[in-house]
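Below is one structure, written out as structure tokens; the observations come after it.
Below, each value reflects all heavy atoms present in this structure, side chains not excepted, and no hydrogens, waters or symmetry copies.
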Amino acid sequence: MNRTTFIVYVDDASHALPLLTSLATSFEATNPRWLLVACAPRITHRASKWASHRSRENWRNQWADKLFAQLAPSLQRPGSQADVTQLLARQPLPELLTELQQTYGQVQVVDARRPKREEPAPQRWGTSGLIAGIGSLLAWTLGEAIA
């Protein structure tokens with residue numbers, strides 16, 4: 001029997017949970033194989049200078065454990081034979097995808113990561129922009145008055 005294999009990229013449980021719940025109910029009869037891939041947030045350059053490699057890896061592991069604890073129950077329903085494998089992405093996603101495709105064959109990829117920016121940031125005139133605008137208006141007004 002061919003099982004459907006899903007690779008699901010996640011980085012935020014509250015964002016991914018509704019999507020995973022609906023997918024799990026839709027494909028419950030096919031006993032799918034779920035590969036949950038946790039995509040940890042990047043650690044800033046400044047923070048990485050002060051934290052050792054081991055402490056950063058421990059933080060990533062703890063973060064992934066919390067994420068999986070919130071998401072895995074929605075895929076492992078009582079009476080369901082769904083297989084859930086939890087992975088923490090430690091390499092770029094295209095390389096990881098190639099490895100997983102070689103291991104599991106044909107897969108369906110679901111990107112349930114939170115978008116980086118949901119709506120564009122409002123553009124505001126800063127103090128320097130306001131001063132430049134007033135200065136150009138003043139120069140234009142003086143130019144018109146002199147001419």
Side-chain angles (χ1 to χ4, degrees), residues 1-140:
M1 179 176 137
N2 256 349
R3 293 174 69 182
T4 306
T5 301
F6 291 96
I7 297 175
V8 184
Y9 298 135
V10 292
D11 63 356
D12 182 26
S14 63
H15 180 75
L17 196 57
L19 176 64
L20 289 181
T21 304
S22 66
L23 280 174
T25 55
S26 299
F27 290 95
E28 190 171 10
T30 63
N31 295 328
R33 177 184 294 127
W34 299 96
L35 303 173
L36 282 179
V37 179
C39 304
R42 290 196 176 270
I43 298 176
T44 64
H45 174 69
R46 292 174 193 249
S48 67
K49 287 189 339 186
W50 302 107
S52 68
H53 180 72
R54 174 182 275 172
S55 65
R56 289 190 307 249
E57 285 300 312
N58 286 340
W59 177 84
R60 279 189 194 101
N61 290 333
Q62 291 172 356
W63 175 86
D65 289 343
K66 287 179 189 176
L67 184 70
F68 293 142
Q70 293 173 342
L71 295 176
S74 67
L75 300 174
Q76 296 171 328
R77 299 175 179 269
S80 171
Q81 295 180 0
D83 178 24
V84 179
T85 304
Q86 302 168 353
L87 304 166
L88 175 58
R90 299 183 189 279
Q91 59 189 354
L93 293 181
E95 294 174 17
L96 180 62
L97 177 61
T98 303
E99 286 182 18
L100 293 174
Q101 284 175 331
Q102 289 173 354
T103 304
Y104 294 100
Q106 185 155 354
V107 296
Q108 293 185 13
V109 179
V110 178
D111 191 353
R113 295 176 292 172
R114 180 177 294 281
K116 295 295 179 202
R117 179 172 282 172
E118 293 180 359
E119 60 184 49
Q123 294 182 348
R124 297 182 181 149
W125 283 78
T127 307
S128 60
L130 183 62
I131 291 172
I134 291 172
S136 62
L137 179 64
L138 183 61
W140 178 76

Nearest 0.5 Å please: distance from the [atom1] atom of [X] over to the [atom2] atom of [Y].
| X | Y | atom1 | atom2 | result |
| --- | --- | --- | --- | --- |
| I7 | D111 | CD1 | CG | 11.5 Å |
| L75 | R33 | CG | CZ | 14.0 Å |
| Q108 | L35 | CD | CG | 12.0 Å |
| N31 | T4 | CG | OG1 | 9.5 Å |

Checklist entry - Between L100 and L87, is a side chain to side chain contact (heavy atoms under 4.5 Å, CB included) present by the stated rule, with each step listed? => result CA-CA 11 Å; L100 293 174; L87 304 166; 3.9 Å; yes
Item to check | side chain to side chain contact (heavy atoms under 4.5 Å, CB included) partners for L19, two or more places apart | outcome: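 Per chain and number, L19 pairs via side chain to side chain contact (heavy atoms under 4.5 Å, CB included) with S22, L23, V110, A112.
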Item to check | Partners meeting side chain to side chain contact (heavy atoms under 4.5 Å, CB included) with S14 (sequence neighbours left out) | outcome: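 S14 satisfies side chain to side chain contact (heavy atoms under 4.5 Å, CB included) with D12, R114 only.
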Next on the checklist: Show me the pairs that pass salt bridge (Lys or Arg N to Asp or Glu O under 4.0 Å) and involve residues 98-107, at least two apart or across chains.
Outcome noted: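 Salt bridge (Lys or Arg N to Asp or Glu O under 4.0 Å) check on residues 98-107 returns no pairs.
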Item to check | Counterpart residues, side chain to side chain donor-acceptor pair (under 3.5 Å), relative to D83 (two or more places apart) | outcome: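 Testing D83 for side chain to side chain donor-acceptor pair (under 3.5 Å), a comparison that skips the adjacent residues, returns none.
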Checklist entry - How would you list, by chain and number, every residue that makes a side chain to side chain donor-acceptor pair (under 3.5 Å) with N58, sequence neighbours excluded? => result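 Partners of N58 by the side chain to side chain donor-acceptor pair (under 3.5 Å) criterion come out as none, since no residue qualifies.
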Checklist entry - Counting only heavy atoms not in Q91, do more than 12 fall under 6.0 Å of its CD? => result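 Counting other residues, nucleotides and ligands, CD of Q91 exceeds 12 neighbours.
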Checklist entry - What residue among L97, V109, V8, L96 forms side-chain contact (heavy atoms from CB on, under 4.5 Å) with V37? => result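 The passing option is L96.
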Checklist entry - For R113 and C39, which heavy atoms make the closest approach, and how far apart are they? => result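 Looks like CD-SG, 3.8 Å.
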Taking distance alone, no hydrogens or angles, what donor-acceptor pairs closer than 3.5 Å link side-chain atoms of residues 60-72 to residues at least two apart or in another chain?
unit_1	atom_1	unit_2	atom_2	d
R60	NH1	E57	OE2	2.9
N61	OD1	R90	NH2	2.8
N61	ND2	E57	O	3.2

